Protein chains: 2
Amino acid sequence: MRKLGELEGVALGIVLKRQPCTAYAVRIELKASPSSHWRASAGAIYPLLSRLEHEGLIQATNDNSDGRGRRHLSITREGKKALKAWIKAIANPDRLSEIFDPLRSRMFFLGALGHQEQIALAESVLEALDLNLENSQQYVRQNPASGDFFEHLGAIGGVMNAESRIKFLREALTQIRRHKT
Amino acid sequence: MRKLGELEGVALGIVLKRQPCTAYAVRIELKASPSSHWRASAGAIYPLLSRLEHEGLIQATNDNSDGRGRRHLSITREGKKALKAWIKAIANPDRLSEIFDPLRSRMFFLGALGHQEQIALAESVLEALDLNLENSQQYVRQNPASGDFFEHLGAIGGVMNAESRIKFLREALTQIRRHKT
DNA sequence: CGATGCATGTAAGCTGTTACATGATTGC
DNA sequence: GCAATCATGTAACAGCTTACATGCATCG
């Protein structure tokens, strides 16, 4: 059984949670989730789900109740097995450290800016991060502990990450101010 | 002036820091950095740097002091302008939230596992995260405040992120134990 | 004198993006 | 009736990976 890619895992997971649902719904959910790496373009989602269907990880039933030719997706036994394997693969330290954070990438090169520019940028990013935190907190409220437990956990993770980034940038800003070229 | 992609920005930043340096050195540095999204494959780096050279953002001088045909890269005035623009682009909230964390992606779907499996996985990931933290701390020691200031800042960011993930997973584990399906 | 590291690249393939194309349904 | 949303897809392209190919230098 083939290993799933990152977007494949996420998409398959969404199918499991929302089944029976359309490919469109999967796409919207991906877009809606805050701080996502994925743009969830149609050109990615539809071929991806076709692939998963072709491999027997999801199945589709045609819904002819209206003229839109909706196709309702659900996960198969094989699909759930593949999803579980995908989830468990995170225990691999290499997979675990495949993080991507455009803010931290840029910190390494902040020295390319002048001292005033550094401070101005850090301050404006700090504002953006505050908005970011508010969005994450709102997402938690939209997914309370009373609803889907793991959706709630993931949302909490988003808040903690946002807080961590703010803490980091505040610390960085303090040190930059002290630094003076 | 064209906007730089993420890997382009990072590569250009490394050239600025290490110049004059070879493309190979850029690649090694990318690989060495802990928790990197990029595999820094030759097939990515060499065409990328050729592109930047072609566009006048970096320049190369041939070094014939040995038979390896080394090409020493350095950044141009235009290149530094492009790099600064790339760094400042992080103030854009959309760019800022393009985070990717394979651990958090999977938290949303942890419910696909049985309760015991959830706990076992979380525990083994927690161990891997501890190693992760140690690596990040070592990276800080390798890049002390006495050296390149921003390299040090970036390294600190790595540690804070590692700590944040551990804190998150500990919290998650506690809640999962309480949850009992 | 052989293994490892330095150094540069290419070819095929996969995955994702943007932009386009089409059409039905719903709400104002 | 018209706009927004639901819904499915394709085509062209960009970017990165794996795997391959080549050859010099250095160290034991």
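Atom set for the values below is all heavy atoms of this structure, side chains included, hydrogens, waters and symmetry mates excluded. Each chain gets a letter, A, B and so on, in the order its sequence line appears, and its residues count up from 1. This one's a predicted model, so the numbers in the text were calculated from it and none came from an experiment.
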Item to complete: Ignoring the backbone of Ala44(A), work out which of dT8(C), dT17(C), dG9(D) is nearest its side chain.
Response: dT17(C)
Worksheet item: Quick one: does Ser35(B)'s side chain have a donor or acceptor within less than 3.5 Å of a partner on Ile99(A)'s backbone?
Response: no
Worksheet entry | Distance, rounded to the nearest Å, where Leu73(B) contributes CG and dT8(C) contributes C1' | 11 Å
Fill in: Nucleotide of dA19(C), dT17(C), dG9(C) approaching Ala42(A) most closely (side-chain heavy atoms)
dA19(C)
Worksheet item: Under a 4.0 Å heavy-atom cut-off, which of residues 14-37 of chain B touch DNA chain C?
Response: Thr22(B), Ala23(B), Tyr24(B), Arg27(B)
Discussion item. Rounded to whole Å, how long is the line connecting atom CZ of Phe100(A) with atom P of dT17(D)?
Written reply: 12 Å
Worksheet entry | Listed nucleotide nearest any side-chain atom of Tyr46(B), set dG16(C), dA7(C), dT10(D) | dA7(C)
Worksheet, complete the sentence: Pro47(B) has its side chain closest, among dT10(C), dT18(D), dT8(D), to dT10(C)
Discussion item. Could you measure the distance from the CG atom of Leu16(A) to the SG atom of Cys21(A)? Nearest 0.5 Å is fine.
Written reply: 10.0 Å
Worksheet entry | Separation of dG15(D) P from Glu8(B) CD (nearest whole Å) | 6 Å
Worksheet item: Could you state the CG-P distance from Leu49(A) to dG16(C), rounded to the nearest angstrom?
Response: 11 Å
Discussion item. Taking the basic N atoms (NZ, or NE/NH1/NH2) and the acidic carboxylate oxygens, is any pair closer than 4.0 Å for Glu29(A) and Lys17(A)?
Written reply: no
Worksheet entry | Whole-Å gap separating C1' (dT8(C)) and CG (Leu48(B)) | 15 Å
Practice prompt. Report the distance from atom CG of Leu129(B) to atom CG of Asn135(B), rounding to the nearest 0.5 Å.
Written response: 11.5 Å
Worksheet item: Are Met160(B) and Ile166(B) grouped together when hydrophobic residues (ILVMFWY) are joined by side-chain heavy atoms under 4.5 angstrom apart?
Response: yes
Worksheet item: Arg70(A) has an atom CZ; how far is it from atom P of dA7(D), in whole Å?
Response: 5 Å
Worksheet item: Glu6(A) has an atom CD; how far is it from atom C1' of dT15(C), in whole Å?
Response: 13 Å
Fill in: Flag, side chain of Thr76(B) to backbone of Leu57(B), donor-acceptor distance under 3.5 Å
yes
Worksheet item: Going by an N to O cut-off under 4.0 Å, is there a salt bridge joining Glu8(B) and Lys3(B)?
Response: no
Discussion item. So Ala40(A), base contact, sugar-phosphate only, or nothing? Heavy-atom distance under 4.0 Å.
Written reply: sugar-phosphate
Discussion item. If I take atom CH2 in residue Trp38(A) and atom C1' in nucleotide dG15(D), what distance separates them, rounded to the nearest angstrom?
Written reply: 13 Å
